Amino acid sequence: MPDFAAFDQRHYRTVGVAEGYEAWAPIYEETVDDVMDLALLGRIDTVEWSRVGRAADLGCGSGRTAAFLRTRGDFPIDGVDVTDAMLERARRRGLHDQLVHADVRATGLAPGAYDVVACVLVDEHLPELAPLYAEARRLLRPAGRFVIVGVHPYFQMAVGMPTHFDGPGGEPVAIETHLHLPSEHMAAARAAGLAAAEMHEALVDDGLIRLKPSWERHRGLPFTYAWVWSAA
């Protein structure tokens, strides 16, 4: 797979995932808007939300994904994250039934217990996808769905911008970022026994440009994706 470093045009100081999100947590909600990623979840039509009995929220962060899931039903949600500061913010929101400090690739959650496993804005921080897909498959019930949303690799390659935030002194800080082409997702899913059910892509459009006017020059580029995989 291509190395993101070959496309990086910013060359910000880079930190690990846990360290980065611990520092970003206090301002995270102010800098990531739902139109950037969660809006794609609203397009999904292969998940029968009325039949969901339990959901897992991998890389739950501050609870943004759980807030969307709550609009789809009153089912229990278990959240997993590696960052204490993010877990504390999720705990304050009170949307999860259980919050676990663990890696998304080894959650420790019960096998075969979930109708939906969601993972949003996480895959760009993983060097390989296979362990994530294998863990998602382990957690799913026979008719379950794995929903993954991420930054589009074509955007990463075209713009050369890592996941980043402004540190306390205003210095941009990058969080370890990796590039995963669609073929890697397909290979990881197939190895885990998952089949593609649905995919959506969001472009840099008027909504995003209103949030980030400087992105006018990126208009039309694919920005994020949402993929739904079934436990085949």
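Hydrogens, waters and symmetry mates are skipped; everything else that's a heavy atom, side chains included, is used. All residue numbers in this chain count up from 1 along the given sequence. Keep in mind it's a predicted model, so treat the numbers as computed, not measured.
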Could you tell me the separation between the [atom1] atom of [X] and the [atom2] atom of [Y], rounded to the nearest 0.5 Å?
{"X": "Leu40", "Y": "Asp34", "atom1": "CG", "atom2": "CG", "answer": "11.5 Å"}
{"X": "Ser62", "Y": "Arg92", "atom1": "OG", "atom2": "CZ", "answer": "11.0 Å"}
{"X": "Ile209", "Y": "Lys212", "atom1": "CD1", "atom2": "NZ", "answer": "12.0 Å"}
{"X": "Leu194", "Y": "Arg145", "atom1": "CG", "atom2": "CZ", "answer": "10.0 Å"}
{"X": "Asp103", "Y": "Thr107", "atom1": "CG", "atom2": "OG1", "answer": "9.0 Å"}
{"X": "Tyr114", "Y": "Ile77", "atom1": "OH", "atom2": "CD1", "answer": "11.0 Å"}

Do the side chains of [X] and [Y] join up, straight or via other hydrophobic residues, at under 4.5 Å, putting them in one cluster?
{"X": "Val116", "Y": "Leu132", "answer": "no"}
{"X": "Trp215", "Y": "Leu203", "answer": "no"}
{"X": "Leu179", "Y": "Val120", "answer": "no"}

- Item | Working for salt bridge (charged side-chain N to carboxylate O under 4.0 Å, His left out), residues Glu29 and Arg93 | CA-CA 12 Å; Glu29 294 288 338; Arg93 294 182 84 157; 3.2 Å; yes
Could you pull out the closest heavy-atom pair between [X] and [Y], with the gap in Å?
{"X": "Gly63", "Y": "Leu95", "result": "O-CD1, 3.8 Å"}
{"X": "Arg219", "Y": "Asp205", "result": "NH1-C, 4.3 Å"}
{"X": "Leu121", "Y": "Glu124", "result": "C-OE1, 3.6 Å"}
{"X": "Val151", "Y": "Tyr225", "result": "O-CE2, 3.7 Å"}

Who passes side chain to side chain donor-acceptor pair (under 3.5 Å) against [X], sequence neighbours left out?
{"X": "Trp24", "answer": "Thr31"}
{"X": "His218", "answer": "none"}
{"X": "Arg217", "answer": "none"}
{"X": "Arg51", "answer": "Glu48"}

For a 4.5 angstrom cut-off between non-hydrogen side-chain atoms, does [X] reach [Y]?
{"X": "Asp78", "Y": "Arg54", "answer": "yes"}
{"X": "Phe75", "Y": "Asp97", "answer": "no"}
{"X": "Val149", "Y": "Leu41", "answer": "yes"}
{"X": "Leu69", "Y": "Trp49", "answer": "yes"}
{"X": "Leu109", "Y": "Gln98", "answer": "yes"}
{"X": "Phe223", "Y": "Leu208", "answer": "yes"}
{"X": "Val80", "Y": "Asp57", "answer": "no"}
{"X": "Arg89", "Y": "Pro26", "answer": "yes"}

- Item | Asp74: salt bridge (charged side-chain N to carboxylate O under 4.0 Å, His left out) partners, not counting sequence neighbours | Arg70
- Message: Applying salt bridge (charged side-chain N to carboxylate O under 4.0 Å, His left out), can you list everything that pairs with Asp37, at least two apart in sequence or on another chain?
- Response: Arg64
- Message: Looking only at the side chains, is there a donor atom on one of His152 and Glu201 sitting less than 3.5 Å from an acceptor on the other?
- Response: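 Result is yes, a qualifying pair exists.
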- Item | Side-chain donor-acceptor pair present, Asp81, His101, cut-off under 3.5 Å |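 Looking only at side-chain atoms, His101 and Asp81 do not form any donor-acceptor pair under 3.5 Å.
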Side-chain atoms of residues 154-167: list all donor-acceptor pairs with protein atoms under 3.5 Å, sequence neighbours left out, distances to 0.1 Å.
{"unit_1": "Gln156", "atom_1": "NE2", "unit_2": "His178", "atom_2": "O", "d": "3.3"}
{"unit_1": "His164", "atom_1": "ND1", "unit_2": "Pro162", "atom_2": "O", "d": "2.8"}

- Test log, rule side-chain contact (heavy atoms from CB on, under 4.5 Å), inputs Val228 and Val47: CA-CA 8 Å; Val228 181; Val47 175; 4.3 Å; yes
Any sub-3.5 Å donor-acceptor pair from [X]'s side-chain atoms to [Y]'s backbone N or O?
{"X": "Glu22", "Y": "Ala85", "result": "yes"}
{"X": "Arg105", "Y": "Leu129", "result": "no"}
{"X": "Glu198", "Y": "Asp45", "result": "yes"}
{"X": "His180", "Y": "Pro153", "result": "no"}
{"X": "Thr14", "Y": "Tyr12", "result": "yes"}
{"X": "Asp3", "Y": "Ala6", "result": "no"}

- Task: Give a yes or no on this: more than 12 heavy atoms of other residues, nucleotides or ligands lie within 6.0 Å of atom CZ of Arg190.
- Result: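 Atom CZ in Arg190 is not packed in, count stays at 12 or less.
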- Message: Looking at Met199, I want to see if its CE is surrounded by more than 12 non-hydrogen atoms of other residues, nucleotides or ligands under 6.0 Å.
- Response: yes
- Item | Residues that Val122 engages under side-chain contact (heavy atoms from CB on, under 4.5 Å), provided they are two or more places apart | Val104, Cys119, Leu126
- Evaluate the criterion side-chain contact (heavy atoms from CB on, under 4.5 Å) for residue pair Leu58 and Ile148; output intermediate values, then yes/no. CA-CA 10 Å; Leu58 306 189; Ile148 181 170; over 6 Å; no
- Task: Would you list the pairs meeting salt bridge (charged side-chain N to carboxylate O under 4.0 Å, His left out) in which at least one residue belongs to residues 128-143, sequence neighbours left out?
- Result: Asp115-Arg141, Glu135-Arg138
- Query: So which residues get pulled into Leu99's cluster when ILVMFWY side chains under 4.5 Å apart are joined, directly or through others?
  - Reply: Leu87
- Message: If the condition is ring-ring contact (aromatic ring centres under 6.0 Å, His included), which residues does His125 pass it with, not counting sequence neighbours?
- Response: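 By the ring-ring contact (aromatic ring centres under 6.0 Å, His included) rule, His125 matches Tyr21.
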- Task: Please identify each residue that fulfils ring-ring contact (aromatic ring centres under 6.0 Å, His included) with Tyr133, with sequence neighbours left out.
- Result: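 So Tyr133 forms a ring-ring contact (aromatic ring centres under 6.0 Å, His included) with Phe146, His185, Trp229.
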- Task: Decide yes or no on side-chain contact (heavy atoms from CB on, under 4.5 Å) for Cys60 and His96, but give the supporting numbers first.
- Result: CA-CA 9 Å; Cys60 66; His96 295 89; 3.7 Å; yes
